[in-house]
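Note that ligands are numbered from 1 as they come in the structure, with each ligand's atoms numbered from 1 the same way.
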Amino acid sequence: MEQSTPRTMAPARSWLLLLCLAAAATAGALQARAQPDSIGFISIDCGLPGTASYVDDTTKLSYAPDAAFIDAGSNHNISAEYITPLLSKRYHNVRSFPDGARNCYTLRSLVAGLKYLLRATFKYGNYDGLRRPPIFDLYVGVNYWTVANITDADTSMILESIVVVPDDFVQVCLVNTGAGTPFISGLDLRPLKSSLYPQVNATQGLVLLGRINFGPTDITLVRYPDDPHDRVWIPWVDTASWNSLSTTLRVQNIDNDLFEAPSKVMQTAITPRNASKNIEFFWDSEPQPKDPTPGYIGIMHFSELQLLPGNAVRQFYINLNGEPWYPKAFTPGYLSTDATYNSNPYRGISRYNISINATANSTLPPIINAVEVFSVISTTNVATYSLDVSAITAIKAKYLVQKNWMGDPCVPKTLAWDGLTCSYAISNPPRITSVNLSFSGLNGDISSSFANLKAVHYVDLSHNNLTGSIPDSLSQLSSLTVLDLTGNQLNGSIPSGLLKRTQDGSLSLRYGNNPNLCTNGNSCQTTKRKSKLGIYIAVPVVLVVVIASVVVLLCCFLRRQKRGPTNNAVKPQNETPTSHVPTGDAYAQSSLQLENRRFTYKELEMITNNFQRVLGRGGFGLVYDGFLEDGTQVAVKLRSETSNQGVKEFLAEAQILTRIHHKNLVPMIGYCKDGEYMALVYEYMSEGTLQEHIAGNGRNGGFLSWRQRLRIALESAQGLEYLHKGCNPPLIHRDVKATNILLNAKLEAKIADFGLTKAINRDNSTQVYTNSLVGTIGYVDPEYHATMQPTIKSDVYSFGVVLLELVTGRPAILHDPEPTSIIQWVRQRLARGNIEGVVDPRMRGDHDVNGVWKAADIALKCTAQASAQRPTMTDVVAQLQECLELEEAGAGGADVNGSFYTGSSSDPYSGYNGYAADGQSTDVSQSSTTFEIEQNFGRTPTMPTGPAAR
Ligand SMILES: *[C@@H]1O[C@H](CO)[C@@H](O)[C@H](O)[C@H]1NC(C)=O
Ligand SMILES: *[C@@H]1O[C@H](CO)[C@@H](O)[C@H](O)[C@H]1NC(C)=O
Ligand SMILES: *[C@@H]1O[C@H](CO)[C@@H](O)[C@H](O)[C@H]1NC(C)=O
Ligand SMILES: *[C@@H]1O[C@H](CO)[C@@H](O)[C@H](O)[C@H]1NC(C)=O
Ligand SMILES: *[C@@H]1O[C@H](CO)[C@@H](O)[C@H](O)[C@H]1NC(C)=O
């Protein structure tokens, strides 16, 4: 613990003078403004109707109505019985917030990084006639401030905090905690010099417990202008115990004063009535729901008010609970401010007894002029990346989005904005990664602010009334993988930048049902005209855009047209609608990457040097090594000509791979359908399958590091997400496993083998599924197994198994010694809190245990029994992204102090317990003999707690 008195000297006077001069100038300005007045004050009378400000009688400050600071809530007058002649006008009305969990005032035009005093005032006054004073939480920005516990109708409550404001605005939020409707009477903001209240910094704020002015001659509050910082000093007079001292002479602030107690307050003081006694007072710890042992800061202000004769001495000790608070005997300076304070908060004491005792040498009793007591709050929560906030705020304003769009978009997670997904990394502010504003009644053009959401992966603006053209600036969003504009009134053509992104496979653009959109360089097709063509039969239509006579594939095509065409597709000239495999003619001779080449069998012989080197064995034949004319290495999957099996799979894969492209799906270069011969030609994936790497048989030996594993997991997840989300209708891979994830020379993961991939027909709920269960033992979704109906969640399940393989370095089915599913194996160990026991020892500790824990948690959620409880691949991608950011934050594997995992949309502990409960209640017994290994699922042990952070 450290105590000190301010000592150093510096000029602070001119600033004060400026404040006073400026104050005089503000009196006439009576328009409501959502920004500070000329002395930097913001003074709001919450619930005041109209737009006119008024001047407060005592402070002469101009109070503005609150409409410019908030767009929610409603105005109410307090009940007349609580209005007394002296009650400040501010308390006559309130704004209350019956709707929404969080409602925030936004105070703008601040200086980022400066200290501000924020003061919220409340008087319930039975404004709602319910006679039920509420309890709710207050947040300053994204940090918890305090609980507003309104205990009765009559008390005027003042809650104050001093914080560093990290941005050029601050929000004060009222959060409904289920104990009544939040309301507020007034809100003030006052700037403070950075040198004031040194206990306040970027990570710690102060919350006022009490600010006492001892011994005043009248009982009015001291505020502005007597205190230029407009702190509220509460008078404390107790003539029975204490004598008052006072002076009319000005008490000067010492230069570089850390607290600048105002002269008006310092001009009065108390001494004990009985000169031999001490001055004693105390405060009690007030445990908060969110901070059971708050830390306290005390600041005691002293000034000698009597000009003492030469032989007189006033000297005293200051004790806290019998121990010295300040180590030396203290003598206040004559008519100058002095203070003692602690820098590090006291904690864990229930009552803080302060005693001020004269020393033996003292001829005069002790004295004190004022005291302030604060509790400390942590302000370490970081708001969403500010450019994301300004972009989404502009979007909210443009479209007048209602929802729960209040406060910070991502923080705290429990109050994040509906329709947004955010990523949370430890070292960086949260980012907005997806925006879903479908069916939100948006009008007008597409806001250019979308292009400022630089971390966004997924933007869904489908089914609104958006008009105008599509801004090309969206193509600059390098992370954007899905842009859904379906079902709007957009016009113009697809901008070239976006087209380019769709061509290189980095973006899936959906724009069906925009009747006025030109999707062809020359003409605008219209829905009407296409309807007249009467394409009512089930025909796969390829989403293709023709530009300058080059046919370019966009994304997924497997849209079936049942009730008339709804998409904007233009078919390539030569495609036969009924053909499952494109003839290839439409794609020939094009230099674009997307076009697939058609090979003859002869060419394949040349490419593979007569099928000399076998790379592996696929479902319907062997895979050969080959080289194109230009030297590009390729893999050629040749269907065995004797086998009838695999034709369907071959066709399915060819059909899909000619039409979908994504950086995490294995790229097909071409195909061959030459008489009996069928082959697919892929880009060569030099690092082979993920399975080989997990087993430690990677091409250059060695084992994958944790970071490599995470990246592979993320990329594979992105590939699957694309199938599920980027394709319309969604595709189910149905055979996700470590051998179907291929790695290129850069160890980038690509999903392969689409032979079993199926499209889900969303329009037709009566779709009949085949009776054959497909997939690979150890990876098959038990629900699919039971229902025979694969869903996208079946892929999620299989992916969870792959993720467990990455974490553990073990195969999907272990021999332990009995065949055991890896899922069960991991669950059993985690149940005993043995996280290190599941981690692949070959990573040699180059991992952060919390990151691994989180990944394991994701995997276990993916492999939940009930598909409804599994996350979507979009969730998985976001979570893995967090893991990777976490890993990269703790760069080099160095375990940075305090870098343990805390943040995600799900608390890993609660998530795990929820999972365990799930495993317990669903006792699935499966009958099929083919998949008997899966039967182990019913015996999931309960998870008492998760492992502790290292
Ligand atoms: C509040 O009281 C004022 C008069 O003091 C009156 O003009 C106003 O209409 C009242 N507002 C409401 C919402 O009752
Ligand atoms: C609110 O105040 C009352 C009375 O002081 C107290 O009993 C109660 O525990 C407080 N509630 C909270 C949530 O602080
Ligand atoms: C504070 O003082 C009171 C008497 O004034 C005493 O009863 C109490 O024990 C003291 N508390 C501590 C923590 O010293
Ligand atoms: C009290 O006075 C004596 C004699 O003048 C001096 O030695 C001693 O240091 C003084 N004590 C304090 C606490 O100032
Ligand atoms: C987007 O929002 C719509 C409507 O609220 C909802 O139906 C849809 O499932 C959401 N999409 C995603 C990916 O969450």
W325 ring center within less than 6.0 Å of Y346 ring center: yes
Examine F282 together with Y352 and report whether their ring centres are nearer than 6.0 Å. no
Distance from atom 2 (O) of ligand 3 to nearest protein heavy atom, with residue and atom: N353 ND2, 2.2 Å
Is there a protein heavy atom less than 4.0 Å away from [atom]?
| atom | result |
| --- | --- |
| atom 4 (C) of ligand 3 | no |
| atom 7 (O) of ligand 5 | no |
| atom 14 (O) of ligand 5 | yes |

Compute whether any side-chain donor of one residue and acceptor of the other, for D408 and T384, lie under 3.5 angstrom apart. yes
Taking the side chain from K793 and the backbone from R870, do they hold a donor-acceptor pair closer than 3.5 Å? yes
Judged by atom type as modelled, is there a donor-acceptor pair below 3.5 Å linking the side chain of T181 to the main-chain atoms of P98? no
Within the structure, does N436 bring an N/O atom to less than 3.5 angstrom of an N/O atom in ligand 5? yes
When only distance counts, is S438 in polar contact with ligand 5, meaning an N/O pair under 3.5 Å? yes
Classify the ring geometry of W417 against W405: parallel below 30°, tilted from 30° to 60°, perpendicular beyond 60°. parallel
Which label fits W236 and F281: parallel for a plane angle under 30°, tilted from 30 to 60°, or perpendicular past 60°? perpendicular
Contacting atoms of ligand 5, where contact means under 4.0 angstrom from a heavy atom of Y458: 13 (C)
Identity of the nearest option to atom 10 (C) of ligand 2, non-hydrogen atoms only, from T177, N149, I150: N149
Within 4.0 Å of some non-hydrogen atom of R351, the atoms of ligand 3 are 13 (C)
